[in-house]
Amino acid sequence: MLVDDPYNETVRAFFENPTHAGDLQGDYARVLTADAAESECGARIMLFAGIADGMIAEMRFRALACPHLVAAAEWLCRDRQNGPVSGLSAFDRHGLMEQLAVPPEKTGKILLLEDALKSLWEQHERAA
């Protein structure tokens, strides 16, 4: 990493190879979708969760975003996929921002991801 490089190794790895980018590949009885956007800079994040037997069988994202937000979405999908649906209810924004070395001025981008995750959880709760 260069001294003036704004992205740490984790951000670079997740941004260069976002294995959870794109649409859901499986066929699920329940599919949750969420979309959060910011008009000022045009950032947008969409999350998709395929639910089976109370588990997040698959989680994907689409993003029009900076490398920090793409990396955060990739991290989130990796972290929550194959876990319980209750994993949609919690988000450690501060911990993720620290892990990815997201500068404070980009907090709004991470809040988009948090909003999208919250929307997935609310959809799940309404259907339960």
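Quick caveat, the model's predicted, so the values are computed rather than measured.
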S.K.: Looking just at side-chain N and O atoms, do Thr10 and Gln99 make a donor-acceptor pair shorter than 3.5 Å?
M.R.: no

S.K.: Which heavy atom of Ala73 sits nearest a heavy atom of Leu113, and at what distance?
M.R.: N-CD2, 3.9 Å

S.K.: Yes or no on side chain to side chain contact (heavy atoms under 4.5 Å, CB included) for Leu32 and Ile56, after CA distance, side-chain angles and deciding distance?
M.R.: CA-CA 10 Å; Leu32 307 174; Ile56 303 168; over 6 Å; no

S.K.: Decide yes or no for His124 and Arg30: does some side-chain heavy atom of the first lie under 4.5 Å from some side-chain heavy atom of the second?
M.R.: yes

S.K.: Pick from Glu74, Glu58, Arg80: which one makes a side chain to side chain donor-acceptor pair (under 3.5 Å) with His20?
M.R.: Glu74

S.K.: If you link ILVMFWY side chains whenever their heavy atoms are less than 4.5 Å apart, which other residues fall into the same cluster as Met46? By chain and number, please.
M.R.: Leu24, Tyr28, Val31, Phe48

S.K.: side-chain hydrogen bond (donor to acceptor under 3.5 Å, both in side chains) with Asp23: which residues, sequence neighbours excluded?
M.R.: Arg62

S.K.: Test your reading of the model: is there a side-chain donor-acceptor pair from Arg60 to the backbone of Thr19, 3.5 Å cut-off?
M.R.: yes

S.K.: Would you compute the distance between atom NZ of Lys118 and atom CG of Leu88 and round it to the nearest 0.5 angstrom?
M.R.: 13.5 Å

S.K.: Show the nearest heavy-atom pair for residues Asn82 and Ala57, with the distance to one decimal.
M.R.: OD1-O, 3.6 Å

S.K.: Taking the basic N atoms (NZ, or NE/NH1/NH2) and the acidic carboxylate oxygens, is any pair closer than 4.0 Å for Glu38 and Arg44?
M.R.: no

S.K.: Quick check: closest heavy atoms across Val70 and Phe61, and the distance to 0.1 Å?
M.R.: O-CZ, 3.9 Å

S.K.: With sequence neighbours excluded, tell me which residues meet side-chain contact (heavy atoms from CB on, under 4.5 Å) with Asp79.
M.R.: Trp75

S.K.: Looking at every heavy atom in both Leu112 and Ala36, which two are closest together, and how far apart are they?
M.R.: O-CB, 3.5 Å

S.K.: For Glu125, check side-chain contact (heavy atoms from CB on, under 4.5 Å) against everything at least two apart and list the hits.
M.R.: Trp121

S.K.: Are there over 12 heavy-atom neighbours, none belonging to Glu98, within less than 6.0 Å of that residue's CD?
M.R.: no

S.K.: Nearest 0.5 Å, what's the OG1-CZ distance between Thr107 and Arg93?
M.R.: 7.0 Å

S.K.: Considering non-hydrogen atoms only, spot the tightest contact between Lys106 and Tyr7 and give its length.
M.R.: NZ-OH, 4.0 Å

S.K.: Who pairs with Asp92 by side-chain hydrogen bond (donor to acceptor under 3.5 Å, both in side chains), at least two apart in sequence or on another chain?
M.R.: none

S.K.: So, taking the atom named CE in Met59 and the one named CG in Leu120, what distance separates them when rounded to the nearest 0.5 Å?
M.R.: 5.5 Å

S.K.: Which residues pass the side-chain contact (heavy atoms from CB on, under 4.5 Å) test with Ala71, sequence neighbours left out?
M.R.: Val11, Phe14, Leu100

S.K.: Say you draw a straight line from CG of Asp35 to CG of Asp115; how long is it, rounded to the nearest 0.5 Å?
M.R.: 11.0 Å

S.K.: Mind listing the closest non-hydrogen atom pair of Leu64 and Gly42 along with its distance?
M.R.: CD2-O, 3.5 Å

S.K.: Treat each ILVMFWY residue as a node, draw an edge where side-chain heavy atoms are under 4.5 Å apart, and state whether Met55 and Leu117 are in one component.
M.R.: no

